[in-house]
There are 2 protein chains.
Amino acid sequence: MATGRTHRPATRSRGIPEATVARLPLYLRALTALSERSVPTVSSEELAAAAGVNSAKLRKDFSYLGSYGTRGVGYDVEYLVYQISRELGLTQDWPVVIVGIGNLGAALANYGGFASRGFRVAALIDADPAMAGKPVAGMAVRHTDELEKIIDDNGVSIGVIATPAGAAQQVCDRLVAAGVTSILNFAPTVLSVPDGVDVRKVDLSIELQILAFHEQRKAGEGAVDGESPAEGAVGVEGPAAKVTKPAAQSAEKNRKGPDGDVPAVMPA
Amino acid sequence: MATGRTHRPATRSRGIPEATVARLPLYLRALTALSERSVPTVSSEELAAAAGVNSAKLRKDFSYLGSYGTRGVGYDVEYLVYQISRELGLTQDWPVVIVGIGNLGAALANYGGFASRGFRVAALIDADPAMAGKPVAGMAVRHTDELEKIIDDNGVSIGVIATPAGAAQQVCDRLVAAGVTSILNFAPTVLSVPDGVDVRKVDLSIELQILAFHEQRKAGEGAVDGESPAEGAVGVEGPAAKVTKPAAQSAEKNRKGPDGDVPAVMPA
DNA sequence: CCTTGTGAAGGCGTTCACAGCT
DNA sequence: AGCTGTGAACGCCTTCACAAGG
């Protein structure tokens, strides 16, 4: 339909699993910290603890990259830093543009973590003429009119969208038309892009909502009505964990609206 | 060990799968948009398109919540908005504190998506005495010394950490000690927390690194050496897709460092 | 007809546990 | 003896495809 969603049926690629790719930056960060402390080698156990994953997973992840460890010893920190950097494509320089220089865009522009890892902010772009020329993070903001030229001149292939939701799709289209093939989207919108363009989304309020879900469960602890007094503890990093807690409506699973209207008050 | 990681062996909870919980906010947003346009009902197909997922997944997700649709018709928008809101715990008010009012913290404080969904920013907290009292997002910044009191007075159970990496664990410990049980962490650090505390992480630079990985693959298109000319296109939303592209070192999988040293230059 | 709700199948990712090197 | 690398088992999530119900 309207959206340009793809599907790519797995492609059996001789490649690295997506879940592994998503963890490589984590390992890299932990390794960089070790490197700065001049630690020469680490075991999978130590590195896993530093990265916040379990060691079996880490070893499996590394096994997709090749055999970079030494049995009985561990991994050479510097060597691994390089291998992971190379795998992620961080040994080359990636010019990026940030579009939408509001609070968030400015925060991103100032964020050290970008520049430190092969990413170079080629330009800050905003639609507000009043912003044009103003310095943000030591850089003059450029106007949206120049977007295509900036991308072309700098060979930008990665764009960051930090505009309001309403402008995001339009900006996205222009970025794509100008040659950008990877987009990091901070606007709360579903972007549609043609095949070949990669979109990742960071949504601040979604994360909070997920927390609220779990928080809600913690609150109703053994209150509602018994099932088992069991657990109720969480304690996780990434995808967060499950919680016990009988859902207030679990006993009778199926039931349409008790009265069909749209409630206006909170549940007791 | 040092870290407070847990494991919770699945708990067979009569609950909603984590993957589903993570998508509920997406559905909610799409539904809210429909609601504002006074659309009375949607089919799973339409709603799925608006949320950027496929319809089978959406129906399966909703089936965990109960039978809220009407066969042959679809879902009642208003009713579904309420049900999902309730499930996520958004029908109640969640006071949150934001700690670390730098660029990012200020951006978060100004972010409309928070306030609009049951989240209320109870306080902005910063360690810099010079910041104390300064207005950000129409609110006077409070000093870290007051952290415990603020949390206690407002019954805050959700905290947002937007401090530099070095301060994050310390802030986290204080938040937890003061009674916070859910933390959204923007600092690039692995936080360790006791059981029962939920941590979610948002890492700006990790997302970019994942994009760079895929971007790198696109660049080396059919260059290296043939396998199948096949695809090479991506085009995804969340977890990003796979790409074909024969890895430059795939033929001979295992091989230690070609010469053992730590390379200082980029690969040709 | 229509669209939901859901068993069943399949795929992916994680974890286990041990074989294989150093 | 120690730690990596990995086949195999397991569990979660997604997808399919159709029965159930409007």
Side-chain angles (χ1 to χ4, degrees), chain A residues 5-13 15-24 27 41-49 51-76 79-80 83 236-242 253-256, chain B residues 5-13 15-24 27 41-49 51-77 79-80 83 236-242 253-256 260:
Chain A
R5 212 120 302 91
T6 327
H7 261 316
R8 203 110 336 276
T11 317
R12 188 189 70 288
S13 64
I16 299 167
E18 192 56 34
T20 295
V21 172
R23 281 187 294 266
L24 291 181
Y27 301 143
T41 59
V42 266
S43 67
S44 62
E45 201 70 53
E46 296 164 329
L47 183 54
V53 302
N54 87 42
S55 63
K57 195 185 288 186
L58 177 143
R59 287 200 302 279
K60 179 67 92 177
D61 283 342
F62 286 179
S63 79
Y64 294 116
L65 308 184
S67 290
Y68 292 149
T70 306
R71 293 172 203 239
V73 179
Y75 300 92
D76 181 283
Y79 184 62
L80 202 46
Q83 290 299 344
V236 182
E237 275 290 289
K242 253 117 256 179
K253 178 86 171 306
N254 287 7
R255 60 98 196 262
K256 286 290 298 201
Chain B
R5 213 124 297 95
T6 326
H7 262 316
R8 200 101 354 264
T11 317
R12 186 187 73 285
S13 65
I16 299 166
E18 190 56 32
T20 295
V21 172
R23 280 187 295 266
L24 291 181
Y27 302 143
T41 58
V42 266
S43 67
S44 61
E45 201 70 52
E46 296 165 329
L47 183 53
V53 304
N54 86 43
S55 64
K57 195 185 290 186
L58 177 143
R59 287 200 302 277
K60 179 66 99 179
D61 284 341
F62 286 178
S63 79
Y64 294 117
L65 309 183
S67 290
Y68 293 147
T70 306
R71 295 173 202 239
V73 178
Y75 300 92
D76 182 281
V77 171
Y79 184 62
L80 202 46
Q83 290 300 343
V236 182
E237 274 292 287
K242 255 117 256 179
K253 179 85 172 307
N254 286 8
R255 60 98 196 262
K256 286 290 297 201

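In the text below, chain A, chain B and the rest are named by the order of the sequence lines, each starting its count at 1.
A close approach under 4.0 Å does occur between a side-chain nitrogen or oxygen of B:Arg23 and OP1 or OP2 of D:dT14. Contact annotation: A:Lys57 side-chain N/O to C:dT15 OP1/OP2 distance is under 4.0 Å. Taking side-chain N and O atoms only, B:Asn54 has no distance below 4.0 Å to OP1 or OP2 of D:dT14. OP1 or OP2 of D:dG22 has not a single side-chain nitrogen or oxygen of B:Tyr75 nearer than 4.0 Å. Taking only side-chain nitrogens and oxygens, B:Ser44 comes nearer than 4.0 Å to OP1 or OP2 of C:dT4.
The side chain of B:Arg59 sits closest to C:dG5 out of C:dG5, D:dC16, D:dG5. Distances were taken from every side-chain heavy atom of A:Ser63 (C-beta onward) to each of D:dT6, D:dC16, C:dG13; the shortest belongs to D:dT6. Picking from C:dT22, C:dT14, D:dC3 the nucleotide with the shortest atom distance to the side chain of A:Ala19 gives C:dT14. Closest to the A:Lys60 side chain, of the nucleotides C:dG5, D:dT6, D:dT14, is D:dT6.
Atom C1' of nucleotide D:dG5 and atom CG of A:Asp61 are separated by 13 Å, given to the nearest angstrom.
Residues B:Tyr79 and B:Tyr68 bring their aromatic ring centres within 6.0 Å.
The base of D:dT4 sits within donor-acceptor range of the side chain of A:Arg71, with an N or O pair under 3.5 Å.
You'll find the side chain of B:Tyr75 stays beyond 4.5 Å of the side chain of B:Gln83, heavy atoms only.
Sequence order on DNA chain C of the closest nucleotides to A:Thr20 and B:Ser43 puts B:Ser43 first from the 5' end.
Shown are A:Leu80, A:Leu58, A:Thr20; of these, the side-chain contact (heavy atoms from CB on, under 4.5 Å) with A:Tyr27 is made only by A:Leu58.
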